[in-house]
K.L.:
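Before I ask anything, let me first share the structure, which is written out below as structure tokens.
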Amino acid sequence: MRATGTAARPSRFRRAGITVGVSAARPDGFAKEAAILALATILFRLAFLFWLPAQALSLDVHSWERLASMLAEGRNPYTTGLLNWPPLWMQVIDAMAAFARHSGVVFTTVLRGSLIFADAINNVLALVIAVRFLRLEGPRRLLIVGLAANPISLLLTCQHGNFDALPVMAILCFTIAWLRFRESNDPIDWLSACLALGVGVLAKTFPLLLAPLLAFRIRSIPARARILGALLLSLPAAVGMSVIYVLAPADVSRYVIGYRSAAGSFGLTGLLNLAGLSRAIAIDQSVFPLLLVMALAVAFAGVSRTADIEPRKLVLSIGVALAALIALGTGYGPQYIAWPLPFLVLAYPCFDRPWRRDMLVIAAVAVATYAVEYALVPELGSFWLHLAPSPWLWWLSDTISDPRGATIFRLPLFASYLWLIATSTKRIRAAVPSPATN
């Protein structure tokens, strides 16, 4: 099938069954594609769990087990420093723990099963974006390779066990609602985007980075709808935070409001730590939020004056914005790569061949980095140390577990993030031809 406005000769994406600019799939065809993608997502993770040593669990998984026990005893987990976010994840943990108690299933199994199910939902949502808005024909293969079978995704879900799939789910819903609003100019779609982003903030605060996108065509939104949208964006997290703040104001201020993630082992803070400038890290953590607020204000003003944003550029912009927060932020966790991953995978077939080559190199660097870290770092589960421990592997584990050693080891990944931001921003700002002509 020919893409709109493109040359007739087939591109390698057409030969692979992926085409840009074609009509959306029929509902029955989409249901089949979605079922296959969801099943592939689940099966790849179950196969990885079958191979993964039972002891290969991250520190986060053990923290969730402790939190489940605390909640069962009626204790407030926000006094421990184990929870650094609004209360959605605490409520999910309590629900999973209750299911585990009543069903007799081990809590860790319930946790992994829930995260695998969330991954399947997210991949189907990505398929909606691919078919409905990016107009990719046959994107199932792309999403199976890029998301369902991605080694990084398998490690994050099955070994790390963090809950970043939940805010990512909200951002994917936000993207769908935003793209619907772009087509319909219906305030209901805009309000849906506000609500999706508000729920994402209830899970983790980083989705607020995308709030400036709500300024798109905001002058067409009635004043009362704008007020309602602001409430839908802010109230879920505000109400949730107010409840836990009343119960433990000092601890919530310290562990949640003042939380900046782990610094000194990646990126700028890692380089400062490596140079012995640890005091500068504290300055960076104080200044960065102010700079971020200023950048969001500028972005809000810019988006409000934008007449239109192509779906492919919107998807890539979200991926780049989230990647920039990881690369330039004041703290780092390896699980954060889950934020931009689905958007970068979706954008992959939508731009020119040199950009796609860059993305493949960046992906290779990321996969190699994560494979070594999750194989050797005990905090992340160290699956290889459980499979085949040896003295030199323990030495390497100690080296890359140290913040300075981790900074050096992650330098290629940091450089890849910077290159991703630079080369992608160039495509977002420029008029880039469809890849179907390449």
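Side chains are part of it too, since the values below use all heavy atoms of this structure and drop only hydrogens, waters and symmetry mates. Along the sequence shown, residues carry numbers from 1.
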K.L.:
Between Ser265 and Gly270 (side chain of the first, backbone of the second, donor and acceptor by atom type, cut-off under 3.5 Å), is there such a pair?
P.N.:
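Side chain of Ser265 to backbone of Gly270: no pair is present.
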K.L.:
Kindly say whether Arg305 contributes a backbone atom to a donor-acceptor pair with the side chain of Arg219 at under 3.5 angstrom?
P.N.:
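No; judged by distance alone, with no hydrogens or angles, the pair does not exist.
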K.L.:
Looking only at non-hydrogen atoms, find the nearest pair between Tyr245 and Ser253 and report the distance.
P.N.:
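In terms of heavy atoms, the two residues are closest at CE1-OG, 3.3 Å.
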K.L.:
Is it true that Trp355 and Thr423 share a donor-acceptor pair across their side chains at a distance under 3.5 Å?
P.N.:
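Result is no, nothing qualifies.
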K.L.:
Test your reading of the model: is there a side-chain donor-acceptor pair from Arg45 to the backbone of Thr41, 3.5 Å cut-off?
P.N.:
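The answer is yes, because a donor-acceptor pair under 3.5 Å joins these two groups.
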K.L.:
Measure from NZ or CZ of Arg312 to the centre of the six-membered ring of Phe351 and say whether it is under 6.0 Å with the direction within 45° of the ring axis.
P.N.:
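Yes.
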K.L.:
How many angstroms lie between atom SG of Cys194 and atom CG of Leu235, to the nearest 0.5 angstrom?
P.N.:
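So the gap between those two atoms works out to 11.5 Å.
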K.L.:
Got a sec, which residues hit ring pair (Phe, Tyr, Trp, His ring centres under 6.0 Å) with Tyr78, two or more places apart in sequence or on another chain?
P.N.:
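Applying ring pair (Phe, Tyr, Trp, His ring centres under 6.0 Å) to Tyr78 gives none.
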K.L.:
What is the minimum heavy-atom distance between Cys350 and Leu136, and which atoms define it?
P.N.:
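Looks like SG-CD2, 4.2 Å.
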K.L.:
Verify the distance criterion only: is there a donor paired with an acceptor across the side chains of Ser401 and Glu379 at less than 3.5 Å?
P.N.:
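Not at all, the side chains of Ser401 and Glu379 share no donor-acceptor pair under 3.5 Å.
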K.L.:
So Trp339 and Val168, side-chain contact (heavy atoms from CB on, under 4.5 Å) or not? Walk me through it.
P.N.:
CA-CA 6 Å; Trp339 306 347; Val168 169; 4.3 Å; yes
K.L.:
Verify, without hydrogens or angle tests, whether Ser304 (side chain) and Ala301 (backbone) share a donor-acceptor contact under 3.5 angstrom.
P.N.:
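Such a contact is found between Ser304 side chain and Ala301 backbone.
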K.L.:
Is any NZ, NE, NH1 or NH2 atom of the basic residue among Glu310 and Arg182 found under 4.0 Å from an Asp or Glu carboxylate oxygen of the other?
P.N.:
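Arg182 and Glu310: not salt-bridged.
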K.L.:
For Ala203 and Leu88, work out which heavy atoms get closest and say how close.
P.N.:
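Ala203 and Leu88 have their closest heavy atoms at CB-CD2, 3.7 Å.
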K.L.:
Hey, is Asp186 close enough to Arg180 for a salt bridge, meaning N to O under 4.0 Å?
P.N.:
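Judged by the 4.0 Å cut-off on N to carboxylate O distance, Asp186 and Arg180 do not form a salt bridge.
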K.L.:
Looking at Ser153, is its backbone amide N or carbonyl O close enough to the side chain of Thr157 to form a donor-acceptor pair, meaning the two atoms are under 3.5 Å apart?
P.N.:
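Yes, Thr157 side chain to Ser153 backbone: donor-acceptor pair under 3.5 Å.
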K.L.:
Do Trp178 and Trp190 have their ring centres less than 6.0 Å from each other?
P.N.:
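Ring centres of Trp190 and Trp178 not closer than 6.0 Å.
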K.L.:
When you measure from the side chain of Thr79 to the backbone N and O of Asn76, does any donor-acceptor pair fall under 3.5 Å?
P.N.:
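Here the side-chain-to-backbone pair exists.
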K.L.:
Has Ser220 got a side-chain atom pairing as donor or acceptor with Arg217's backbone, closer than 3.5 angstrom?
P.N.:
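Such a contact is found between Ser220 side chain and Arg217 backbone.
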K.L.:
For Ile362, does its backbone N or O pair with a side-chain atom of Ser416 as donor and acceptor, under 3.5 Å?
P.N.:
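Judged by distance alone, no pair lies under 3.5 Å.
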K.L.:
What is the minimum heavy-atom distance between Leu380 and Gln159, and which atoms define it?
P.N.:
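In this case the closest contact between Leu380 and Gln159 is O-NE2, 2.8 Å.
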K.L.:
Using the ring pair (Phe, Tyr, Trp, His ring centres under 6.0 Å) definition, which of the options Trp51, Tyr370, Tyr374 pairs with Phe383?
P.N.:
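Testing each of Trp51, Tyr370, Tyr374 against Phe383, the sole residue satisfying ring pair (Phe, Tyr, Trp, His ring centres under 6.0 Å) is Trp51.
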K.L.:
Closest heavy-atom contact between Leu67 and Pro77?
P.N.:
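Reported closest heavy-atom pair: CD2-CB, 3.2 Å.
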K.L.:
So, for Pro342 and Leu147, which heavy atoms are closest and what is the spacing to 0.1 Å?
P.N.:
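Of all heavy-atom pairs spanning Pro342 and Leu147, the closest is CA-CD2, 3.8 Å.
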K.L.:
Which distance, rounded to the nearest 0.5 Å, do you find between the CD1 of Ile188 and the CZ of Phe181?
P.N.:
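Reported to 0.5 Å precision, the distance equals 11.5 Å.
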K.L.:
Determine whether a donor-acceptor pair (N or O, by modelled atom type, separation under 3.5 Å) exists between the side chain of Ser58 and the backbone of His160.
P.N.:
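Answer holds: yes.
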K.L.:
Using ring centroids (six-membered ring only for Trp), state whether Trp85 and Phe163 fall under 6.0 Å.
P.N.:
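Between Trp85 and Phe163, which both carry aromatic rings, the centre distance is below 6.0 Å.
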K.L.:
Answer yes or no: is there a donor N or O on one side and an acceptor on the other, between the side chain of Thr306 and the main chain of Asp308, under 3.5 Å?
P.N.:
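Such a contact is absent between Thr306 side chain and Asp308 backbone.
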